[in-house]
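Quick note on labels: first sequence line is chain A, next is B, and so on, each numbered from 1.
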2 protein chains.
Amino acid sequence: MRLSLDALLVLDAIERKGSFAAAAEELHRVPSAITYTVQKLEQDLGILIFDRSGHRARLTEVGTHLLKDGRYLLDAAAQLEDRVRQQATGWEPELRLAVSDLVPFSALLPLLAEFGQLTCATRLRLQREVLGGTWDALHDGRADLAIGASDQPPPGRYQRQPLGTVPFVFAVAPEHPLARHTEPIPLYVIRKYRAVAVGDTSRQLPARSLSILEGQDVLTVSTLAEKLQVQLAGLGTGYLPLSLAQPYIDNEKLVVKQVEDGKDPIALFYAWKEPQPGKALDWFIRRLKQAADAATLTY
Amino acid sequence: MRLSLDALLVLDAIERKGSFAAAAEELHRVPSAITYTVQKLEQDLGILIFDRSGHRARLTEVGTHLLKDGRYLLDAAAQLEDRVRQQATGWEPELRLAVSDLVPFSALLPLLAEFGQLTCATRLRLQREVLGGTWDALHDGRADLAIGASDQPPPGRYQRQPLGTVPFVFAVAPEHPLARHTEPIPLYVIRKYRAVAVGDTSRQLPARSLSILEGQDVLTVSTLAEKLQVQLAGLGTGYLPLSLAQPYIDNEKLVVKQVEDGKDPIALFYAWKEPQPGKALDWFIRRLKQAADAATLTY
DNA sequence: ATCTCATGTTCGAAAATCCTGAAGAAACAT
DNA sequence: ATGTTTCTTCAGGATTTTCGAACATGAGAT
């Protein structure tokens, strides 16, 4: 390893301040020490970093590139330091959130924004999951916190708290035959038309499916967004979260129909596995409880 | 900057070799030097990296994370060293290729594979462009080499070499009215139907457009793939590269029609600006010439 | 239990590295 | 020219790092 972070730090200061002398001052060193460091790095790498032909030193082409990429290194190193130091005080280096696609991204944004305000170096990793996928992600350790998990936890020790409910509407495209049917539409009629289901992202746990009537022609897609697209195109019917469907209902691209034995709002939960949460997980748990109590997250 | 690459190197060796002693041997140092480095790093970061309660030292949780992320740093540092050292010997740190979407990706793959075989640390950056976009990318320095540039160079000093030709076919969906028209179809008939054009990605240079008949209803999309989709859907007509259309012609999803004053194959070029190419650019120039001479790149 | 072996630590001395401060050369501005 | 700023050189010294030997400590073998 010929490179050293310290030397890169020196290069960075020189470039920012515009001269060896100014960099020396910033780094509380003497100019000759800067010269020494630069020359050593040049020798170690076998390259010329500065062009000394003129009065003041100018970065060579190689030097420019070295500094440009070197700054990424410095930045990454500083971030790593932060995470490591914070981990020692109880903040996780990384927190992985498995978010059900029933939770609109817009409802998540304020939380992420608030978390970003904290002076903590914990990295967030979001992954969207479908239905049971959130439990599954928790189950085999791909996630630390499930947001929008369903009512049916898999076997195992999990902590679980209610998050809110998601109302659903049965919606079809205006061209769809069911659009003109008298309400409430009986189940045996619905069964005649193709339904659209969202496939479960569960890998290990047994896959679920949302209220698909037996014997019905089913088109399975992998995300709610796709399901919406399919229903908009009139290629199938099914329930959609009201929040997702609303703009299209207003738009008259979708028609809401009352159905015999309509679907109740689905209760969503947040859940985690770790019995002794780190500070980041703890923050999210508290913040979600607060949001749930304030019913902020009922869509 | 409390972190040092050297210390990370030591941690890495310890973990790989399984003990301080073995790491010392690998690094040609004495065990006490290893102890010293580790202790210093622990002190600097204010954390415990190893758990010394047992006989042999084991990484703590923090230590594990530090090492895991630290290895990315080491790797990045090593790569940067490589690039910098190679740049000094004439290899560019990065070469940016602007590739016209008329060039099928499959024709590009062998080149990229061969380049990957070279022992050079030059990073490749590919960007797909539409039509004049390749010239444009060259023009304002977003690319170093244009592959599949058109016949009409913008003003300026560029080097240009022929690459091959792309045959076009006039194709429509089977449902399209023109699909049953007697051939050759006269221009005034074609003009009655909506054409699909690919918008130019040119930003600064004047935008071009491919043979759009004046006064015709035109739907402009931004990529060839989109144009293909539109034509497949029967929403418009136009010329497509034979290589792109062929699978759908075989499939009977597209019908080729002879047209009055049919479009000649388009000549493609590769072009660059730099009068003194670095080694990577030089390699591509030679390799493309070889491919063009062997007519490998005629589609 | 005791012995043996390997591991990691401690410590003073030696070596290498790095910084300092003064002096000097070279380019630019006035 | 003259002065100023900038970087370099160099010798000395401070600091950091390494060395090698002595020392603890746990694991496994006898």
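Among the protein residues, A:A57 comes within range of the sugar-phosphate backbone only, with heavy atoms under 4.0 Å from sugar or phosphate atoms but none that close to a base. Within 4.0 Å of A:T35, counting heavy atoms only, lies at least one base atom of the nucleic acid.
The interatomic distance linking B:L27 (CG) with D:dT17 (P) rounds to 15 Å, in whole Å. B:E42 has its CD atom 13 Å from the P atom of C:dG8, to the nearest Å. B:F20 has its CZ atom 16 Å from the P atom of D:dG26, to the nearest Å. Between B:K17 atom NZ and C:dT7 atom P there is a gap of 13 Å when expressed in whole angstrom units. To the nearest angstrom, P of C:dT7 lies 18 Å from CG of B:D51. Between the NE2 atom of B:H55 and the P atom of C:dT9 there is a distance of 11 Å, rounded to whole Å. Counting to the nearest Å, the P atom of C:dT7 and the CZ atom of B:F50 are 14 Å from each other. A:R58 places its CZ atom 18 Å from the P atom of C:dA26, with the value rounded to the nearest Å.
For B:T37, a side-chain nitrogen or oxygen approaches OP1 or OP2 of D:dT18 to under 4.0 Å. Contact check, B:Y36 against D:dT18: no side-chain N or O comes under 4.0 Å of OP1 or OP2. Dashed line: the shortest gap from a side-chain N or O of A:Q39 to OP1 or OP2 of D:dC7 is not under 4.0 Å. Not one side-chain nitrogen or oxygen of B:R52 sits closer than 4.0 Å to the OP1 or OP2 atom of C:dG8. A close approach under 4.0 Å does not occur between any side-chain nitrogen or oxygen of A:S32 and OP1 or OP2 of D:dT8.
Looking only at side-chain heavy atoms (C-beta outward), B:F284 and B:D144 stay at 4.5 Å or farther from each other. The shortest distance between side-chain heavy atoms of A:F269 and A:D151 falls below 4.5 Å.
Comment: A:E129 engages A:R142 in a salt bridge, judged by a side-chain N to carboxylate O separation of less than 4.0 angstrom.
Both A:H28 and B:I14 lie close to DNA chain C; mapped to their nearest nucleotides by heavy-atom distance, the more 5′-ward contact belongs to B:I14.
Among the nucleotides C:dT9, D:dC19, C:dG21, the one closest to the side chain of B:V30 is D:dC19. Of the listed nucleotides (C:dG21, C:dT7, C:dA27), C:dT7 has the atom at the smallest distance from the side chain of B:A21. When each of C:dT7, C:dA27, C:dC19 is scored by its nearest atom to the side-chain atoms of A:A33, the top-ranked nucleotide is C:dC19.
Contacts of B:K17 classified as salt bridge (Lys or Arg N to Asp or Glu O under 4.0 Å), with partners at least two apart in sequence or in another chain: B:E26.
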Begin from the C-alpha positions of B:K40 and B:D6 and carry the test salt bridge (Lys or Arg N to Asp or Glu O under 4.0 Å) through to its verdict.
-> CA-CA 12 Å; B:K40 179 161 169 16; B:D6 183 64; over 6 Å; no
